[in-house]
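Sharing a structure with you now.
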Amino acid sequence: MAVLVSLIAFLMTLAGGLAAMRVRDNRHLVLGLAGGLMLGVVAFDLIPESLEMTRHRPLGVPAPMIGFAAGFLLLHVVEQAVAIHRAHEHEYAPHVHAHGHAHAPAGPAGLLAASALVAHSLVDGLSIGLAFQSGTEVGIFVALAVVAHDFADGFNTVTAASLNRGDRRPAVLLLLADATAPIAGAALGTLAQVPDAVLGPYLGLFAGVLLYLSAAEILPEAHSVHPRVMTLGATGLGLTAVLFIVGLAH
């Protein structure tokens with residue numbers, strides 16, 4: 001039953017990724033929307049959920065918040081290690097060559113964040129499987145909560161994997177991985193149990209990765225060469241959408 005329900009999550013994730021691919025002409029609005037969605041997922045979903053999962057407080061600090069700081073720092077270190085930024089604002093936008101094709105240096109930051117989204121989807125599927133172990137009613141409720149934000153997961157996966165890249169193949173492959181991850185997680189969740197003491201810090205780590213990508217990569221590029229009011233509106237729309245979805249799920 002858990003695996004069958006996770007097929008809906010598969011379809012919703014694909015739909016979100018395809019939506020991100022089809023609006024390339026309004027890339028600044030896509031990036032603004034994705035930035036808002038990521039901020040909303042971090043603030044309204046990942047952080048609260050991670051804090052509920054575990055009460056461990058190493059050195060007096062909640063374990064998920066240590067993971068959060070580590071995730072933020074991890075992506076920052078990766079970015080600096082490959083010198084993605086040179087502290088010049090104009091480099092946020094893709095460079096245009098004489099032949100008219102936009103190009104920007106590819107870096108691992110977006111791919112790392114997209115991979116983290118895949119891992120998060122695996123955890124979502126795992127949650128579905130574990131919930132169905134507690135009963136059909138609980139399982140259906142958890143599945144609905146997962147499906148409700150899978151569209152945003154697919155959208156964010158494609159946006160992150162496409163950041164500063166002209167080649168769509170990594171984005172397509174990661175979208176497929178993100179879509180199938182809930183199915184694999186649901187199957188695993190029917191067979192095994194993962195302690196909340198592990199899942200909580202992981203979700204915090206993932207939240208830190210997403211926040212850095214949104215604040216340091218996606219939103220600056222969204223505002224680099226396009227009208228700021230419309231982009232800000234798209235960001236606010238994404239943030240509000242996640243708040244509404246999370247509210248319905250609870």
Fill in: Non-hydrogen atoms of Val118 and Leu174 that approach each other most closely
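Looks like CG2-O, 3.7 Å.
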Discussion item. Nearest 0.5 Å, please: how far is CG in Asp178 from CG in Leu173?
Written reply: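 Spacing of CG (Leu173) from CG (Asp178) equals 12.5 Å.
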Practice prompt. Consider only side-chain heavy atoms of I, L, V, M, F, W and Y, link residues closer than 4.5 Å, and tell whether Phe155 and Leu122 are in one cluster.
Written response: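 No, separate clusters.
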Discussion item. Do Phe68 and Leu46 make a side-chain contact, defined as non-hydrogen atoms from C-beta onward lying under 4.5 Å apart?
Written reply: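 They are not in side-chain contact.
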Fill in: Heavy-atom closest contact (Pro62 atom, Leu51 atom, distance)
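Taking Pro62 first and Leu51 second, the nearest heavy atoms are CB-CD2, 3.8 Å.
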Discussion item. Would you compute the distance between atom CD1 of Ile66 and atom CG of Leu59 and round it to the nearest 0.5 angstrom?
Written reply: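 These two atoms lie 6.0 Å from each other.
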Worksheet entry | Leu117-Leu205 co-clustered via ILVMFWY side chain contacts under 4.5 Å |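 Hydrophobic grouping puts Leu117 apart from Leu205.
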Fill in: Co-membership, hydrophobic cluster, residues Leu219 and Leu243, 4.5 Å side-chain
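Yes; Leu243 is reachable from Leu219 via cluster members.
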Fill in: CD1 on Ile183 to CG on Leu7, rounded to 0.5 Å
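Between atom CG of Leu7 and atom CD1 of Ile183 there are 4.5 Å.
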Practice prompt. Specify the closest pair of heavy atoms between Ala179 and Phe10, including all atoms of both residues, with the distance to one decimal.
Written response: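 Smallest interatomic distance, heavy atoms only, reads O-CD1, 3.2 Å.
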Fill in: Minimum heavy-atom distance Pro201-Val198, with the two atoms named
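Answer, listing the atom of Pro201 first, then Val198: CD-O, 3.4 Å.
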Worksheet item: Any sub-3.5 Å donor-acceptor pair from Thr235's side-chain atoms to Gly36's backbone N or O?
Response: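 No, because the side chain of Thr235 does not come within donor-acceptor range (under 3.5 Å) of the backbone of Gly36.
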Discussion item. Before you tell me yes or no, could you show the steps for Phe44 and Leu239 under side chain to side chain contact (heavy atoms under 4.5 Å, CB included), namely the whole-Å CA-CA distance, both residues' side-chain angles and the distance that decides it to 0.1 Å?
Written reply: CA-CA 9 Å; Phe44 307 139; Leu239 192 67; 3.9 Å; yes
Discussion item. Closer than 3.5 angstrom, by distance alone: can the side chain of Ser214 be matched with the main-chain N or O of Leu211 as a donor-acceptor pair?
Written reply: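 A pair under 3.5 Å: no.
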Item to complete: Might you point out which heavy atoms bring Pro64 and Gly200 nearest each other, and give the distance in Å?
Response: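 That closest heavy-atom pairing would be CB-O, 3.7 Å.
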Worksheet item: Which value, rounded to the nearest 0.5 Å, describes the distance between Thr157 atom OG1 and Leu176 atom CG?
Response: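 One gets 11.0 Å once the value is rounded to the nearest 0.5 Å.
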